[in-house]
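What follows is one structure encoded as structure tokens, with my remarks underneath.
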Amino acid sequence: MPRTIFKDIVILDFQKMTFFDFCEYTSIRFFEIIYFKEGSGVIKINGKDVSYHADSFFIFVPNDLYQLQINMPTTGSSIKFLTSFFSNPYKGSLAPQFKDWFQKIEIILNNKKQIGEFQFQSKSDKKKLSSLIEMICDENQKDQTYDPVIIQNLLSTIVHIIIRNSNQVNIPDNSKKQPKGIQEIINHIHHHIYEPDLLSSKSLAEKFNISSNYIGQYFKKHTGISLKRYKLNYKLELVEARLKYTNMNLSEIALELRFIDGSHLDKIFTIYKGMSVGAFKKRLIETQKYL
């Protein structure tokens with residue numbers, strides 16, 4: 001049976017399953033990790049058939065729909081962060097932890113382009129993640145000895161391992177095949193968007209061993225967009241994520257993403273998105289009426 005912890009995180013452990021009902025949490029799921037420990041079959045993700053097998057992982061974000069067609073009895077686990085969990089991630093006693101999780105998860109949220117099995121950059125991290133998920137499911141099944149602090153720390157480690165192994169490339173569509181250095185610069189920007197000192201031309205030049213006078217030209221040559229504009233575009237994607245999935249007000253968003261204030265953010269958003277923040281939120285409300 002699924003168990004809800006921390007007010008809107010659901011942990012499910014399944015054994016030798018031959019059939020799965022449609023998940024009741026799909027419409028309110030923000031982020032989900034599925035680990036198939038044993039078994040095989042097909043998982044239809046957004047209409048596309050993808051094979052799953054023993055010791056495989058899948059990641060799902062909002063609007064992802066999936067159905068399982070089981071070939072061999074399947075054992076595994078699922079961890080679901082519901083949308084309501086992050087509705088106001090920066091208030092309450094666990095606010096620092098939730099803020100960190102949201103900032104990590106949104107990297108995948110804004111860059112998940114491919115459908116399929118999650119690919120690890122490190123084989124040892126894959127082993128660690130499977131062990132951590134088994135540990136969290138074991139802890140979650142306990143009654144009197146259930147310890148939310150242990151689960152909280154396990155969840156934090158799980159999220160960090162996934163992000164460490166994610167390929168956060170979001171190169172503009174009009175770009176041609178890119179050198180490895182561009183991919184690394186973009187990954188670095190996404191990981192450190194909240195640390196502007198690490199994203200200055202000087203810092204990037206030192207980090208990637210490129211002349212500070214040339215790095216901007218190098219980036220634009222291979223992406224078709226300036227470094228400054230790319231960082232701004234990515235920040236505006238993060239603004240949209242907060243408007244969609246949290247109850248943060250404009251001033252809170254502006255403070256976190258280093259805009260001068262809410263008014264300045266609204267002005268920038270209007271210029272580059274073609275509508276004010278208020279109009280964007282109104283459109284979200286109208287869209288949700290039909291979901």
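- Listed here is the closest heavy atom pair of A254 and G262: CB-N, 3.8 Å.
- The only option from H188, H192, H190 that meets the ring pair (Phe, Tyr, Trp, His ring centres under 6.0 Å) definition with Y234 turns out to be H190.
- Hydrophobic clustering, with ILVMFWY side chains joined whenever heavy atoms are under 4.5 angstrom apart, groups Y272 together with L250.
- Aromatic pair F60/F118: ring centres not closer than 6.0 Å.
- For the pair F280/K244, a side-chain contact is recorded, criterion being any heavy-atom separation below 4.5 Å from C-beta on.
- Judged purely by atom type and a 3.5 angstrom limit, N165 uses its side chain to pair as donor or acceptor with the backbone of Q121.
- I45 and V42 are members of different hydrophobic clusters when ILVMFWY side chains are connected at heavy-atom separations under 4.5 Å.
- We find the OG-CG distance between S276 and L265 to be 11.0 Å, quoted to the nearest 0.5 Å.
- Within a 6.0 Å radius of CD1 in I260, no more than 12 heavy atoms belonging to other residues, nucleotides or ligands are found.
- The backbone N or O of D266 lies less than 3.5 Å from a partner atom in the side chain of T270, making a donor-acceptor pair.
- The minimum heavy-atom distance between F30 and P62, with the atom names listed, is O-CD, 2.7 Å.
- At least one side-chain heavy atom of F81 sits under 4.5 Å from a side-chain heavy atom of V159.
- Looking at E139, its side chain never comes within 3.5 Å of a backbone N or O of I136 through a donor-acceptor pair.
- Using a 4.0 Å cut-off between a side-chain N of Lys or Arg and a carboxylate O of Asp or Glu, D55 and K37 do not qualify as a salt bridge.
- Taking the charged nitrogens against the carboxylate oxygens, R283 and E286 have no contact shorter than 4.0 Å, which rules out a salt bridge.
- The environment of NZ in K220 is sparse: at most 12 heavy-atom neighbours from other residues, nucleotides or ligands sit within 6.0 Å.
- What you find for V61 and F31 is that their closest heavy atoms are CG1-CD1, 4.4 Å.
- The two residues S211 and A205 come nearest to each other via the heavy atoms C-CB, 3.9 Å.
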- Query: Given the rule in the side chain to side chain contact (heavy atoms under 4.5 Å, CB included) test, do I268 and V239 qualify, once you have shown the distances and angles that lead to the verdict?
  - Reply: CA-CA 11 Å; I268 296 297; V239 171; over 6 Å; no
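- The side-chain hydrogen bond (donor to acceptor under 3.5 Å, both in side chains) check on N71 picks up nothing, with sequence neighbours excluded.
- When atom types are taken as modelled, the side chain of K231 and the backbone of L199 share a donor-acceptor pair closer than 3.5 angstrom.
- By the side-chain hydrogen bond (donor to acceptor under 3.5 Å, both in side chains) test, K48 is found to be paired with no residue, residues two or more places apart in sequence or in another chain being considered.
- Hydrophobic clustering (side-chain heavy atoms under 4.5 Å, transitive across Ile, Leu, Val, Met, Phe, Trp, Tyr) keeps F20 apart from M72.
- I186 CD1 to T223 OG1: the interatomic distance, rounded to the nearest 0.5 Å, is 6.5 Å.
- Judged purely by atom type and a 3.5 angstrom limit, S131 uses its side chain to pair as donor or acceptor with the backbone of K127.
- Other residues, nucleotides and ligands place more than 12 heavy atoms under 6.0 Å from the CG atom of D138.
- Using a 4.5 Å cut-off on side-chain heavy atoms (C-beta onward), I9 and L82 make no contact.
- Atom CZ of residue F36 and atom CD1 of residue I43 lie 4.5 Å apart, to the nearest 0.5 angstrom.
- Atom CD of E237 and atom CG of L232 lie 10.5 Å apart (nearest 0.5 Å).
- Annotation: side chain of Q152 is in contact with side chain of W101 (closest heavy-atom distance under 4.5 Å).
- Summarising the geometry, atom CD1 belonging to I253 is positioned 7.0 Å from atom CG belonging to N249; distances are rounded to the nearest 0.5 Å.
- Contact of the Y218 side chain with the I185 side chain is registered, since non-hydrogen atoms from C-beta on lie closer than 4.5 Å.
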- Message: Working note: E32 + S78, criterion side chain to side chain contact (heavy atoms under 4.5 Å, CB included); need CA distance, chi angles, decisive distance, verdict.
- Response: CA-CA 7 Å; E32 180 176 1; S78 171; 2.8 Å; yes
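- Geometric assessment of K235 against the ring of F259 yields a positive cation-pi assignment under the 6.0 Å and 45° thresholds.
- The shortest heavy-atom contact between I11 and C137 is CG2-SG, 3.9 Å.
- The side-chain hydrogen bond (donor to acceptor under 3.5 Å, both in side chains) check on S200 picks up S203, with sequence neighbours excluded.
- Cluster membership check: L255 does not share its hydrophobic cluster with L257, using side-chain heavy-atom separations under 4.5 Å among Ile, Leu, Val, Met, Phe, Trp and Tyr.
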- Could you walk me through whether F58 and S56 pass side chain to side chain contact (heavy atoms under 4.5 Å, CB included), step by step? CA-CA 7 Å; F58 289 80; S56 60; 3.9 Å; yes
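- In this structure, NZ in K123 is found 13.0 Å from CG in D125, a value given to the nearest 0.5 Å.
- Ionic pairing of E256 and R242 is present here: one or more N-O contacts between side-chain nitrogen and carboxylate oxygen are shorter than 4.0 angstrom.
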- Message: One pair to check against ring-ring contact (aromatic ring centres under 6.0 Å, His included): F120 and F57. What are the steps and the verdict?
- Response: CA-CA 9 Å; F120 288 82; F57 290 83; 5.3 Å; yes
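- In the displayed structure, K44 atom NZ is contacted under 6.0 Å by more than 12 heavy atoms of other residues, nucleotides or ligands.
- Checking T74 against E38 by side-chain atom types alone, no donor-acceptor pair falls below 3.5 Å.
- Looking at heavy atoms from C-beta onward, I225 lies in side-chain contact with F219 at the 4.5 angstrom threshold.
- If you run side-chain contact (heavy atoms from CB on, under 4.5 Å) between I79 and each of I158, L12, I151, L154, only I158 comes through.
- Summarising the geometry of R29 relative to N63, their closest heavy-atom pair is NH1-N, 4.4 Å, with the distance given to 0.1 Å.
- Not one N or O on the side chain of Q15 forms a donor-acceptor pair closer than 3.5 Å with the backbone of D13.
- In the hydrophobic clustering of this structure, L284 groups with M275; members are Ile, Leu, Val, Met, Phe, Trp, Tyr whose side-chain heavy atoms approach within less than 4.5 Å, directly or through other members.
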- Item | Candidate pair K207 and E184, rule salt bridge (Lys or Arg N to Asp or Glu O under 4.0 Å), full reasoning | CA-CA 10 Å; K207 171 72 176 178; E184 291 175 346; over 6 Å; no
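- Within a 6.0 Å radius of CE in M17, more than 12 heavy atoms belonging to other residues, nucleotides or ligands are found.
- In the displayed structure, K126 atom NZ is contacted under 6.0 Å by more than 12 heavy atoms of other residues, nucleotides or ligands.
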- Trace of the side chain to side chain contact (heavy atoms under 4.5 Å, CB included) decision for Y52 with I34: CA-CA 11 Å; Y52 75 85; I34 295 183; over 6 Å; no
